[in-house]
Structure formats: C-alpha cells, structure tokens
Number of protein chains: 2
Amino acid sequence: MDGPPVKIVSIYITGFYVKKALNRAAKEILVSAGLRRTGGRVEILEVLQQAKMPLNQEEIQAQLDRDLNRTTVYRTLESFIQAGLVHRCFVRERAWHYELAHNCRPLQCHPHFTCTNCDRTLCLKDVFLPLVKDIPDGFIIQRQQVRIEGLCPNCS
Amino acid sequence: MDGPPVKIVSIYITGFYVKKALNRAAKEILVSAGLRRTGGRVEILEVLQQAKMPLNQEEIQAQLDRDLNRTTVYRTLESFIQAGLVHRCFVRERAWHYELAHNCRPLQCHPHFTCTNCDRTLCLKDVFLPLVKDIPDGFIIQRQQVRIEGLCPNCS
DNA sequence: CGCAAAATGCAAATATGTTGCAAAAAGAAT
DNA sequence: ATTCTTTTTGCAACATATTTGCATTTTGCG
Ligand SMILES: [Mn+2]
Ligand SMILES: [Mn+2]
Ligand SMILES: [Zn+2]
Ligand SMILES: [Zn+2]
C-alpha cells in the first residue's frame with residue numbers, strides 16, 4: 001500500500017466498474033480521470049465534495065469563488081459525468097441536479113428523499129434497497145435510482 | 001355487484017387511498033372524479049388509457065384528434081393529478097411525463113426502464129421492489145419511485 | 001517558448017412550463 | 001330552451017433551464 005489510506009468507492013463508468021477515491025484532492029482526481037486541470041473544474045469538484053445534497057447549476061455556481069459562466073458549469077459537469085465522477089440524480093425539481101458518484105453500491109446510488117412540506121432534498125446514504133430481481137429476460141440493468149417523497153423529520 | 005366487472009386498482013390521493021377503475025369509459029371516470037366532461041379532457045384521458053409508456057405534453061398532444069393548446073394540455077394534466085387519476089413519472093428526459101395512476105401498489109407505482117441505447121422507456125408493470133425498510137426515524141414515506149437504466153431486450 | 005487541442009465566455013437559440021386575461025363552454029337552475 | 005354562474009380554454013407574453021456556434025483563451029506537452 002502506498003500513501004495514506006483513502007476510502008474506496010465504486011463508480012459506474014460506461015459499462016464496467018472502476019475503483020476510485022473521490023475524497024482525494026480535487027486536482028489529483030482530475031488528473032487520474034484524464035481531465036485537464038482548470039481552475040473552474042477544481043472549484044466545481046470541491047463544491048461537490050463538500051455538498052450534502054444534490055446541487056443544480058445555479059447552486060453550484062453560487063458556491064464558487066471565481067465567476068464561471070453558466071455554460072461552462074454545464075459543460076464541466078457533463079465532462080465529469082463522462083469521466084464517471086458525477087451522476088445526475090433524480091429529484092422532483094425541473095433543473096438537473098448533480099452529485100459526486102460516491103456512496104454508491106454496485107449498479108445503484110443511494111436513494112434521495114424529498115420532503116413534500118419543506119421541499120428539502122436529503123441523501124439517504126445508509127438506506128439500502130435491493131436491485132429489482134424479477135425483471136424480465138433480456139433486460140440488462142446498468143443503474144437503478146430510487147426517489148422517495150414524504151415528510152422529513154423536521155416536518156413530520 | 002352491479003354492472004360488469006371492472007379491474008380495481010389502487011390510487012394514491014393526497015394522503016389516503018381510494019379504489020377506482022381507470023379502465024372505464026373516459027367520460028364516466030371524469031364524472032366520478034368530479035371533473036367537468038370537456039372534449040379535451042375526454043380525449044387526453046383516452047390517450048393516456050391507451051398509452052404503453054409515460055408520455056409528455058408534446059406526445060399527448062400529437063395523439064389528439066382535436067387541436068388543443070399546450071397550456072390546456074398542461075392544465076388538464078394538472079387537474080388529473082389533483083383528482084388522483086394521473087401521476088407524473090420520472091424518466092431521463094427533461095420534460096415531465098404523465099401516466100395513468102393505475103398499476104400501482106401502496107405508496108408506489110411500478111418502476112420505469114429507460115434503454116441507454118435506443119432511449120425507449122418501458123413500464124415494468126409486474127416488477128416489484130419492496131418499500132425501503134431501514135429509513136431513519138422521523139421520515140414518513142408518501143411515495144417511492146424507481147427508475148432503471150440499462151439495455152432493453154431489443155438492444156441487449 | 002511555441003504549438004495543437006481543449007476549455008471558456010458570450011450572445012443567441014431552443015426547450016419546457018406558467019401566468020394573466022378575455023372569450024367560450026359546461027352544468028345548474030328556471 | 002333560456003339564463004346564470006363557474007370553470008375551462010386559447011392566446012400572447014413571460015419565466016426558467018439548458019444548449020449551440022463561434023471567437024478567444026488556456027492547458028499540457030515537447
Ligand atoms: Mn445523494
Ligand atoms: Mn408506467
Ligand atoms: Zn420537511
Ligand atoms: Zn433499447
């Protein structure tokens with residue numbers, strides 16, 4: 001083993017799995033993902049590393065130190081998705097929401113919970129739902145996503 | 001028992017369950033849902049009854065005989081949602097997709113499958129996934145939704 | 001440093017959904 | 001059927017979210 005221990009998570013990349021540590025320094029992650037290390041990418045990745053819930057373009061941009069064009073934010077996120085660093089997740093709002101592709105199990109990320117009262121979205125990182133079992137022949141599952149609506153502890 | 005047998009399905013309506021038969025004639029359904037029977041509503045409901053997958057506003061409109069304004073289509077769908085006849089479902093595309101609120105189990109509808117190759121979305125009406133069990137104290141589940149991505153039988 | 005490829009900013013375009021208001025249609029009462 | 005009230009509809013404008021084309025800048029590499 002070389003270097004300090006890092007938490008290893010599984011990331012799904014276009015058809016196969018790789019092991020990757022998304023809690024390393026943003027710069028390192030970019031290099032090992034084969035992405036050019038630009039200021040914007042480093043910052044966006046850092047925002048996502050600190051995020052406690054899926055964020056949309058506007059929320060990400062608001063947390064940046066530098067001014068990045070919104071087009072650039074979208075393009076950066078798309079490059080992260082292609083590299084397998086980021087997922088789009090499944091929330092009630094119209095805007096796409098993005099999240100680091102960590103805290104994932106094989107073929108699925110954790111579920112997301114949206115409160116119908118206060119409208120907050122929470123990551124249920126420790127909640128586990130098995131993969132569907134009785135799917136008909138011929139289907140190949142690449143990813144399963146779960147979304148739950150209801151009342152959060154604050155509102156119930 | 002009065003009248004011919006109808007398939008009874010469960011529909012989730014704002015906090016409690018009702019039994020309703022969504023394969024009756026569209027006109028009847030509107031009446032029993034307390035909605036005015038307008039030409040547009042009848043047609044939209046019929047389109048949804050025949051649909052084999054979730055449809056968006058544009059797809060619904062394209063299947064109508066009469067010309068309906070897109071605002072009207074959206075408002076009609078919203079009234080169906082309020083009446084518990086229709087759900088919005090979650091697909092990969094940006095546009096909202098709508099589906100009759102049948103083939104549902106308590107607190108959840110069937111999963112939807114989107115093929116990453118041909119981009120088609122299919123209803124997995126007979127696929128069952130249990131409700132999450134290990135959700136922390138304080139959360140109240142009102143609805144669980146599942147989305148699966150992968151290769152469909154045509155593409156695998 | 002100098003080059004080629006990739007990333008960025010900006011303006012415009014596109015896609016999707018909502019709002020306000022006036023006109024039309026539906027249902028109830030007569 | 002006629003009248004009345006309420007709901008629904010169409011239309012234009014607005015709002016929001018995302019994408020595209022193209023010129024400019026930056027990056028990584030030799
Ligand atoms: Mn999450
Ligand atoms: Mn369906
Ligand atoms: Zn809440
Ligand atoms: Zn397919």
Side-chain angles (χ1 to χ4, degrees), chain A residues 25-47 54-83 85-99 119 121, chain B residues 25-47 54-83 85-99 119 121:
Chain A
K27 292 180 185 178
E28 275 184 70
I29 295 174
L30 290 176
V31 171
S32 67
L35 294 171
R36 288 195 178 183
R37 187 179 60 74
T38 67
R41 282 189 178 153
V42 171
E43 279 207 35
I44 291 179
L45 194 46
E46 284 170 349
V47 166
L55 302 177
N56 64 25
Q57 169 265 321
E58 200 184 347
E59 293 163 333
I60 291 169
Q61 207 165 349
Q63 293 187 43
L64 298 174
D65 288 330
R66 70 182 62 199
D67 273 350
L68 270 197
N69 188 275
R70 74 178 185 287
T71 308
T72 304
V73 176
Y74 280 117
R75 286 195 276 225
T76 299
L77 291 166
E78 182 58 31
S79 73
F80 288 174
I81 290 176
Q82 293 308 314
L85 303 174
V86 161
H87 285 162
R88 264 205 267 255
C89 30
F90 197 24
V91 298
R92 187 167 45 172
E93 291 167 63
R94 281 194 47 213
W96 297 129
H97 281 64
Y98 303 84
E99 186 172 64
D119 244 31
T121 290
Chain B
K27 291 180 185 178
E28 275 183 74
I29 294 173
L30 291 176
V31 171
S32 69
L35 294 171
R36 289 196 177 182
R37 185 178 63 71
T38 67
R41 283 188 177 153
V42 172
E43 277 205 37
I44 291 179
L45 195 46
E46 284 169 351
V47 166
L55 302 177
N56 64 25
Q57 169 265 320
E58 200 183 348
E59 293 164 334
I60 291 169
Q61 207 165 348
Q63 292 187 42
L64 298 173
D65 288 333
R66 69 183 62 201
D67 273 350
L68 273 195
N69 188 276
R70 78 176 184 288
T71 308
T72 304
V73 175
Y74 281 117
R75 286 197 275 225
T76 299
L77 291 166
E78 182 59 29
S79 72
F80 288 175
I81 290 175
Q82 293 308 315
L85 302 174
V86 161
H87 285 161
R88 263 203 268 254
C89 21
F90 261 120
V91 297
R92 189 168 39 174
E93 293 167 62
R94 278 194 51 210
W96 298 129
H97 282 64
Y98 302 84
E99 184 172 64
D119 243 32
T121 291

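These numbers come from the heavy atoms of this one structure, side chains and all, not from hydrogens, waters or symmetry mates.
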Give one of base, sugar-phosphate or nothing for A/Ser79, where a contact means two heavy atoms less than 4.0 Å apart.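 Counting heavy atoms under 4.0 Å across all strands, no contact is made by A/Ser79.
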Can you tell me how far apart [atom1] ([X]) and [atom2] ([Y]) are? Round to the nearest 0.5 Å.
{"X": "B/Asn56", "Y": "B/Leu77", "atom1": "CG", "atom2": "CG", "result": "10.0 Å"}
{"X": "B/Ile29", "Y": "B/Leu45", "atom1": "CD1", "atom2": "CG", "result": "5.0 Å"}
{"X": "A/His87", "Y": "A/Ile81", "atom1": "NE2", "atom2": "CD1", "result": "8.5 Å"}

Length of the line joining [X]:[atom1] and [N]:[atom2], which is rounded to integer Å:
{"X": "A/Gln82", "N": "C/dA7", "atom1": "CD", "atom2": "P", "answer": "12 Å"}
{"X": "B/Asn69", "N": "C/dA25", "atom1": "CG", "atom2": "P", "answer": "15 Å"}
{"X": "B/Glu78", "N": "C/dT16", "atom1": "CD", "atom2": "C1'", "answer": "15 Å"}
{"X": "A/Phe80", "N": "C/dA7", "atom1": "CZ", "atom2": "C1'", "answer": "12 Å"}
{"X": "A/Arg92", "N": "D/dT16", "atom1": "CZ", "atom2": "C1'", "answer": "18 Å"}

Given 3.5 Å as the limit, does a donor-acceptor pair link the side chain of B/Arg41 with the main chain of B/Arg36, or not? yes
Validation row: A/Glu78, A/Arg88 side chains within 4.5 angstrom (heavy atoms):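 Yes, close enough: below the 4.5 Å cut-off.
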Any heavy-atom pair between the side chains of A/Leu68 and A/Ile44 that's under 4.5 Å?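 Yes, at least one pair of side-chain atoms sits under 4.5 Å.
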For A/Glu46, all residues meeting side chain to side chain donor-acceptor pair (under 3.5 Å), sequence neighbours excluded: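 A/Glu46 satisfies side chain to side chain donor-acceptor pair (under 3.5 Å) with no residue once adjacent residues are dropped.
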Under the side chain to side chain donor-acceptor pair (under 3.5 Å) test, which residues partner B/Arg70, sequence neighbours left out? none
Determine, step by step, whether B/Thr76 and B/Thr38 satisfy the side chain to side chain contact (heavy atoms under 4.5 Å, CB included) criterion, reporting the C-alpha distance in whole Å, the side-chain angles of both residues, the deciding distance to 0.1 Å, and the verdict. CA-CA 10 Å; B/Thr76 299; B/Thr38 67; over 6 Å; no
Whether B/Thr76 contacts D/dT8 is assessed here as follows: a side-chain N or O lying under 4.0 Å from the phosphate OP1 or OP2. Is that the case?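 For D/dT8, neither OP1 nor OP2 has a side-chain N or O of B/Thr76 closer than 4.0 Å.
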Among A/Gln57, A/Glu59, A/Gln63, A/Glu58, which residue satisfies the side-chain hydrogen bond (donor to acceptor under 3.5 Å, both in side chains) criterion with A/Gln61? A/Gln57
Residues in salt bridge (charged side-chain N to carboxylate O under 4.0 Å, His left out) contact with A/Arg75, at least two apart in sequence or another chain: none
Tabulate atom names and distances for all N/O pairs under 3.5 angstrom spanning the protein and nucleotides 28-30 of chain C.
none

End-to-end bend of the helix from C/dC1-D/dG30 to C/dT30-D/dA1 (five-pair axes, 10° rounding)?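 End-to-end axis angle: 40°.
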Per-nucleotide protein contact along nucleotides 18-30 of chain D, 5' to 3', at a 4.0 Å heavy-atom cut-off (B base, S sugar-phosphate only, - neither), is BBBB-----BS--
